[in-house]
> 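Let me begin by handing over the structure; questions about it come next.
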2 protein chains.
Amino acid sequence: MTILTHLKQSLPSLSKAESRIGEAILADPEAAVNSTTADLARLAQVSDPMISRFCKTLGCTSFPEFKVQLARSLVSNSSFISEAVSTGDSAASYIEKRINANQAALEYLRGNLPTEAIEQAVAALGQAKRIEIFGMGGAAAIAKDAQHKLFRLGTPTIAYEDHLMQRMAAAAANEETAILLFSFTGRTESMIEVARIARQSKAKVIAITHPQSPLGELADITITSGNELEDTTIYVPMTTRIIILTIIDILATGLALQKGPAVDQQLKTIKHSLEDTKIS
Amino acid sequence: MTILTHLKQSLPSLSKAESRIGEAILADPEAAVNSTTADLARLAQVSDPMISRFCKTLGCTSFPEFKVQLARSLVSNSSFISEAVSTGDSAASYIEKRINANQAALEYLRGNLPTEAIEQAVAALGQAKRIEIFGMGGAAAIAKDAQHKLFRLGTPTIAYEDHLMQRMAAAAANEETAILLFSFTGRTESMIEVARIARQSKAKVIAITHPQSPLGELADITITSGNELEDTTIYVPMTTRIIILTIIDILATGLALQKGPAVDQQLKTIKHSLEDTKIS
DNA sequence: GATCGCATGTAGTTAAATTACATAAGATGC
DNA sequence: GCATCTTATGTAATTTAACTACATGCGATC
């Protein structure tokens, strides 16, 4: 963990003077790196030695060491400032920008993915006897990808992109079914309908979607699709898929860990089944 | 440029004492970050003020500032160390590890994606009157995703995952067709066959695959799928997908930039077509 | 061979950071 | 409700780190 996130986390537990210092640093961390204790003390309106104490509270041995740590944490945040591509950009330039944007999206995920939701989702997937995955439009490819990743872990897993198939599968589901729904906005009417049917069937509904959306509120477990990022100036569109793919990655990893060595043979068998289709 | 590379570059032009300091720092930069001028001076067997002078020679205003800069340059080298997940990892732990692994994959892409290949591929896609996208197995979802992104830019684009459909489409192609092939290994026999048929039809064949593979060598333009990165652990790493998805992202971005404002209306129309399916 | 200049070391000074101490505010017990 | 104890914070003093000014020595050039 970087010192900056550590600071953010421990901000509430700090004393009055110390939190003033913390806020002064967070307001302009770059400036803090180039400050002396006196500078910072003046800025936060506290006495000089409070800065030293503040640093020790955060686990550093001295103020200079704190500055070094702070400088470190600023790198990882500033290197992911993604810029929008613009007409006239060279290939090298837009390649760089898109990679930055996608890395930034993952960086966002690091701080904003609720651990409990993942744990619950993994538990639900682990208990399920069947997994159904629904996605339409752009999410259809994602559903397919998730199916491809999850079916290997031993539980029958099917992906549907057809609304009618989804309705039937949702209606036929029971409490031993986990249903994974992918929707960027969480406002697609047919998806919401399917989710409603699935809940009536007592299936466990996991939605990867916008948390403050009808679909997000309907599901048993909701994980953000990062869609709340789209449209903002900093995070350019197209990054949501990277986020969702990484969430699938994380869910599959969690599930594989939960099932443990039991799935190893399964994975080997599946891999082996492809051998005859490859040339050496 | 980071201070560390700057130091490496200017090492030959430094004076005797100064280069001793430079070498001492390069020998263990991490230790230098936690040193005082006196510590470093002893290590490099020079006098104390030489350290200050050394820093100024490198363009820093003071030794503390140099330390901060040094700390900065060390981050970019040491971050993105991806660790394998292991049994007993907490959710928080494997979430962190997977995000790291995916960011590392993108970092790899930054250094290893050949600009010229991207330029050629964008040019080929731009000139094409039709785009056909082929992928099987795990790559089928990727092909579907690419189709979903590229069809919006005005050129008729179809994705096939069925080998027979792929054969027919490849045979029916002509010099105005661009064919995008996704294959992780580049060794799937049926994919190679399809590529061969496509070349006979004089279509432009773009392969996103392992560069040193039969398929990679067969294609007009080859872009790495990052498959050379996959380690052999049983828990299938998903980093290649992230890489390929980002490549698709980059290709679509390049194509959109090339077409310019011409596609803006097209994008708006497509977006508008979904409005009635969403609830407010 | 002498002098000039540059590189480096020594001593001293400045300033920055920490420690030790004192005080005030808030909490706790009677 | 008052007294005392604890904790947080400021003040003063000390230590330590970093830089400046100066001195010396080595190498180069005339």
Side-chain angles (χ1 to χ4, degrees), chain A residues 3-4 6-7 9-74, chain B residues 3-4 6-7 9-74:
Chain A
I3 193 84
L4 208 62
H6 183 200
L7 168 56
Q9 277 178 11
S10 42
L11 201 59
S13 67
L14 293 176
S15 76
K16 208 165 60 191
E18 282 177 330
S19 67
R20 265 221 301 285
I21 300 172
E23 272 157 30
I25 292 168
L26 289 175
D28 191 353
E30 196 59 47
V33 171
N34 299 313
S35 300
T36 66
T37 49
D39 293 339
L40 246 179
R42 188 154 27 78
L43 204 72
Q45 308 202 32
V46 296
S47 71
D48 207 274
M50 272 318 292
I51 308 292
S52 292
R53 292 187 192 119
F54 168 84
C55 296
K56 279 174 189 152
T57 307
L58 285 180
C60 298
T61 58
S62 70
F63 176 67
E65 196 207 299
F66 171 78
K67 282 208 291 188
V68 164
Q69 299 264 48
L70 190 61
R72 281 198 151 93
S73 29
L74 287 176
Chain B
I3 193 83
L4 209 61
H6 183 201
L7 168 57
Q9 278 179 11
S10 41
L11 202 59
S13 67
L14 292 176
S15 76
K16 206 167 62 195
E18 282 178 330
S19 66
R20 265 221 301 283
I21 300 171
E23 272 158 29
I25 292 168
L26 288 175
D28 191 353
E30 197 59 48
V33 171
N34 300 314
S35 300
T36 66
T37 49
D39 293 338
L40 247 178
R42 189 157 24 80
L43 204 71
Q45 307 202 33
V46 295
S47 72
D48 203 277
M50 272 316 292
I51 307 293
S52 291
R53 293 187 191 118
F54 169 84
C55 295
K56 278 173 191 154
T57 308
L58 285 179
C60 298
T61 58
S62 69
F63 175 67
E65 196 207 298
F66 171 78
K67 282 208 292 188
V68 164
Q69 299 263 49
L70 189 61
R72 280 198 153 92
S73 31
L74 288 176

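All chains are named by letter (A, B, ...) in the order of the sequence lines, taking the proteins before the strands, and each is independently numbered beginning at 1.
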> Can you run down the ring-ring contact (aromatic ring centres under 6.0 Å, His included) pairs that involve residues 11-49 of chain B, sequence neighbours left out, and say none if there aren't any?
none
> Does any pair with a residue in residues 22-56 of chain B pass ring-ring contact (aromatic ring centres under 6.0 Å, His included), and if so which ones, sequence neighbours excluded?
B:F54-B:F66
> If the condition is salt bridge (Lys or Arg N to Asp or Glu O under 4.0 Å), which residues does A:D28 pass it with, not counting sequence neighbours?
none
> Verify side chain to side chain contact (heavy atoms under 4.5 Å, CB included) between A:C60 and A:I3, making sure each step is shown before the conclusion.
CA-CA 9 Å; A:C60 298; A:I3 193 84; 3.8 Å; yes
> Looking at C:dT19, I'd like to know if its phosphate oxygens (OP1 or OP2) sit under 4.0 Å from a side-chain N or O belonging to A:K56.
yes
> Does anything in residues 36-46 of chain A form a salt bridge (Lys or Arg N to Asp or Glu O under 4.0 Å)? List the pairs, not counting sequence neighbours.
A:D39-A:R42
> Any ring-ring contact (aromatic ring centres under 6.0 Å, His included) involving residues 26-48 of chain B? Give me the pairs, sequence neighbours left out, ordered by first then second residue.
none
> Residues in side-chain contact (heavy atoms from CB on, under 4.5 Å) with A:A38, at least two apart?
A:T36, A:D48
> For nucleotides 6-8 of chain C, give me every protein contact, N/O to N/O, under 3.5 Å, one pair per line with atom names.
residue, atom, partner, partner atom, Å
C:dT8, OP1, B:K16, N, 3.3
C:dT8, OP1, B:A17, N, 2.8
C:dT8, OP2, B:S15, OG, 2.3

> Pairs under 3.5 angstrom, nitrogen or oxygen only, protein versus nucleotides 15-18 of chain D, please.
residue, atom, partner, partner atom, Å
D:dA18, OP2, B:T37, N, 2.6
D:dA18, OP2, B:T37, OG1, 2.9

> Would you mind reading off the distance between A:F66 atom CZ and C:dA16 atom C1', rounded to a whole angstrom?
17 Å
> Using whole Å, what does the distance between atom C1' of nucleotide D:dT9 and atom CG of A:L40 come to?
17 Å
> Please list all pairs meeting ring-ring contact (aromatic ring centres under 6.0 Å, His included) that have one or both residues in residues 14-36 of chain B, counting only residues at least two apart or in different chains.
none
